[in-house]
Engineer: 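I am attaching a structure below and will ask some questions about it afterwards.
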Amino acid sequence: MKPIKGNKKIEALFSSGKRCSSSFFHCIFELDDSKEIGYVVSVPKKNFPRAVDRNRVKRLVREVLRKNVELFIDVGFGRFMFIYSFSKIVSFSDIESDFKSLIKKVV
């Protein structure tokens, strides 16, 4: 798993990807035949005006991604964008359980 960098790649994913959502996340994804998984984690400034809070949520979501990389084997390879759409910071276990339910929807 590696992060996707560059505005052109992210905009292409945003414009042509499929979408699904759960209670805490919106996911935009594009599956392909490559042998790697790319991801982007986004936390809107509208929901969290303070950068400290946005960075905390990003760290929590990245840790959930790192711990649950085996879930992506069932889904396949491709690019994923996770947008944290909830307006409050919730616990790690809540984020993890919601993330697992979101990945099951992608399959």
Engineer: When rounded to the nearest 0.5 angstrom, what distance separates CE in Met1 from CG in Leu65?
Structural biologist: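 Those atoms lie 4.5 Å apart.
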
Engineer: Between Asp98 and Asp94 (side chain of the first, backbone of the second, donor and acceptor by atom type, cut-off under 3.5 Å), is there such a pair?
Structural biologist: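 No, Asp98 side chain to Asp94 backbone: no donor-acceptor pair under 3.5 Å.
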
Engineer: Could you tell me whether the side chain of Ile103 reaches within less than 4.5 Å of the side chain of Phe72, counting heavy atoms only?
Structural biologist: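 Phe72 vs Ile103: side chains touch.
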
Engineer: Hey, any chance Val90 and Val41 share a hydrophobic cluster, counting ILVMFWY side chains that come within less than 4.5 Å of each other, even indirectly?
Structural biologist: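 Linked within one cluster.
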
Engineer: Backbone N or O of Pro49 within a donor-acceptor pair of the Arg54 side chain at under 3.5 Å?
Structural biologist: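 Checking the backbone N and O of Pro49 against the side chain of Arg54, a donor-acceptor pair under 3.5 Å is found.
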
Engineer: Which heavy atom in Ser23 sits nearest to a heavy atom in Ser85, and how many Å separate them?
Structural biologist: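 Here Ser23 and Ser85 meet closest at O-OG, 4.4 Å.
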
Engineer: Looking at residues at least two apart in the chain, or sitting in another chain, which of them share a side-chain contact (heavy atoms from CB on, under 4.5 Å) with Glu36?
Structural biologist: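 Glu36 satisfies side-chain contact (heavy atoms from CB on, under 4.5 Å) with Lys2, Ser34 once adjacent residues are dropped.
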
Engineer: Measuring from atom CG of Leu31 to atom NZ of Lys18, what distance do you get when rounded to the nearest 0.5 angstrom?
Structural biologist: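 Nearest 0.5 Å value for the CG-NZ distance: 6.5 Å.
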
Engineer: From Leu102 CG over to Ser97 OG, what is the distance, rounded to the nearest 0.5 angstrom?
Structural biologist: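 So the CG of Leu102 and the OG of Ser97 are separated by 11.5 Å.
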
Engineer: Within this structure, what is the NE2-SG distance for the pair His26 and Cys20, rounded to the nearest 0.5 Å?
Structural biologist: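 The SG atom of Cys20 is 10.5 Å from NE2 of His26, to the nearest 0.5 Å.
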
Engineer: Would you indicate whether the side-chain heavy atoms of Tyr39 and Val69 approach each other to under 4.5 Å?
Structural biologist: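 Not in contact.
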
Engineer: So do Tyr84 and Leu60 actually touch side chain to side chain, heavy atoms under 4.5 Å?
Structural biologist: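 The answer is no, as the side chains (C-beta and beyond) never meet within the 4.5 Å cut-off.
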
Engineer: Indicate yes or no: at least one non-hydrogen side-chain atom of Ile28 is less than 4.5 angstrom from one of Phe14.
Structural biologist: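 Yes, side chains in contact.
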
Engineer: List the steps and the verdict of side chain to side chain contact (heavy atoms under 4.5 Å, CB included) for Phe99 and Lys67.
Structural biologist: CA-CA 11 Å; Phe99 180 78; Lys67 286 184 75 173; over 6 Å; no

Engineer: Quick one: are Phe80 and Ile4 in side-chain contact, heavy atoms under 4.5 Å?
Structural biologist: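 A side-chain contact under 4.5 Å is absent here.
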
Engineer: Which residues satisfy the ring-ring contact (aromatic ring centres under 6.0 Å, His included) test with Phe29, sequence neighbours excluded?
Structural biologist: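 For Phe29, no residue satisfies ring-ring contact (aromatic ring centres under 6.0 Å, His included) once neighbours in sequence are set aside.
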
Engineer: For Lys45, is the NZ atom crowded, meaning more than 12 foreign heavy atoms sit under 6.0 Å from it?
Structural biologist: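 12 or below, so no.
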
Engineer: Which heavy atom of Glu63 sits nearest a heavy atom of Phe92, and at what distance?
Structural biologist: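 In terms of heavy atoms, the two residues are closest at CG-CE1, 3.7 Å.
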
Engineer: Please examine the side chains of Phe24 and Val57, heavy atoms only from C-beta on, and report whether any two atoms are closer than 4.5 Å.
Structural biologist: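 They are not in contact (no side-chain heavy atoms under 4.5 Å apart), so the answer is no.
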
Engineer: Is any side-chain heavy atom of Met81 closer than 4.5 Å to one of Phe25?
Structural biologist: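 Sidechains of Met81 and Phe25: no contact.
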
Engineer: Please report the interatomic distance NZ(Lys100) to CG(Leu71), rounded to the nearest 0.5 Å.
Structural biologist: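 It comes to 6.5 Å.
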
Engineer: Does Glu11 come within less than 4.0 Å of Lys8, counting only side-chain N to carboxylate O?
Structural biologist: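 So Glu11 does not pair with Lys8 through a salt bridge.
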
